[in-house]
Amino acid sequence: QVQLVESGGGLVQPGGSLSLSCAASGSIISINAMAWYRQAPGKERELVAAITSGGSTNYADSVKGRFTISRYNVKNTVYLHMNSLKPEDTAVYYCYADITGDGSIYGMDYWGKGTLVTVSS
């Protein structure tokens with residue numbers, strides 16, 4: 001059984017920084033793309049940043065230059081470093097991974113339960 005567990009959310013003042021991490025565990029053969037999504041109250045879930053197994057990244061325009069996604073393949077972990085946070089960054093942040101599990105040929109989508117980031121003074 002594959003699981004994604006996020007950590008690192010919390011309350012931060014505007015202009016501050018926060019880092020999120022997400023660790024995948026279970027019977028994992030390989031992890032393909034990993035990403036962070038977020039969902040603000042009353043809004044649809046949106047892609048924040050994604051990273052391939054080879055390290056290529058892409059970001060939502062709203063976070064370019066402020067957020068950095070990285071991954072540590074040895075520990076099946078993806079990170080999101082957030083700088084210059086704004087109130088509009090307030091949302092539940094979800095970890096996503098395309099994982100090929102033991103006994104599978106194809107990758108499947110897995111999601112974490114989410115961690116709340118609140119940017120407020």
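Computation of the quantities below employed the complete heavy-atom set of this structure, encompassing side-chain atoms and omitting hydrogens, waters and symmetry-equivalent molecules.
Linking Ile, Leu, Val, Met, Phe, Trp and Tyr whenever their side-chain heavy atoms come within less than 4.5 Å leaves Leu47 and Val117 in two separate clusters. Val2 and Met108 fall within the same hydrophobic cluster, where Ile, Leu, Val, Met, Phe, Trp and Tyr residues are linked whenever their side-chain heavy atoms come under 4.5 Å apart, directly or through other members. In the hydrophobic cluster analysis, where Ile, Leu, Val, Met, Phe, Trp and Tyr join through side-chain heavy atoms closer than 4.5 angstrom, Val63 is grouped apart from Tyr94.
The closest donor-acceptor contact from the side chain of Thr90 to the backbone of Val119 lies under 3.5 Å. Without hydrogens or angle criteria, Tyr59 side chain to Ile69 main chain gives a donor-acceptor distance under 3.5 Å. Of the possible polar contacts, one joining the Glu6 side chain to the Lys113 backbone as a donor-acceptor pair under 3.5 Å is found. Arg71 contributes a side-chain N or O that, together with a main-chain N or O of Thr52, makes up a donor-acceptor pair within less than 3.5 Å.
Evaluation of the salt bridge (Lys or Arg N to Asp or Glu O under 4.0 Å) test over residues 92-110, restricted to residues two or more places apart or in two chains, returns none.
Between Ser21 and Tyr79, the shortest heavy-atom contact is CB-CD2, 3.7 Å. Closest heavy-atom contact between Pro14 and Ser121: CD-N, 3.6 Å. In this structure, Leu85 and Val12 approach most closely via the heavy-atom pair CD1-CG1, 3.5 Å. Summarising the geometry of Ser84 relative to Arg66, their closest heavy-atom pair is O-NH1, 2.9 Å, with the distance given to 0.1 Å. Nearest heavy-atom pair, Ser104 versus Thr100, reported as atom, atom and distance to 0.1 Å: O-CG2, 3.6 Å.
Taking 4.5 Å as the limit, every side-chain heavy atom of Leu4 sits out of range of all side-chain heavy atoms of Val78. Side-chain contact between Asn76 and Ser25: absent, with no pair of heavy atoms (C-beta onward) separated by less than 4.5 Å. At least one side-chain heavy atom of Ser62 sits less than 4.5 Å from a side-chain heavy atom of Arg38.
Considering CD of Gln3 and CD1 of Ile28, their distance stands at 10.0 Å, rounded to 0.5 Å. Atoms OG and CD1, from Ser30 and Ile99 in turn, are 9.0 Å apart once rounded to the nearest 0.5 Å. Ile31 CD1 to Asn73 CG: the interatomic distance, rounded to the nearest 0.5 Å, is 7.5 Å. To the nearest 0.5 Å, the span separating OH on Tyr96 from CH2 on Trp36 amounts to 14.5 Å. Distance OG1/Thr115 to CG/Leu80: 11.0 Å, rounded to 0.5 Å. Separating the CE atom in Met82 from the CG atom in Leu18 is a distance of 4.5 Å, to the nearest 0.5 Å.
In the model, Ser17 has a side-chain atom that pairs as donor or acceptor with a side-chain atom of Asn83 under 3.5 Å.
Atom CD of Glu88 is surrounded by more than 12 heavy atoms from other residues, nucleotides or ligands within 6.0 Å.
Between Phe67 and Tyr93, the ring planes lie tilted relative to each other; the angle falls in the 30° to 60° range.
Electrostatic pairing of Lys64 and Asp61 counts as a salt bridge here, judged by a charged N lying under 4.0 Å from a carboxylate O.
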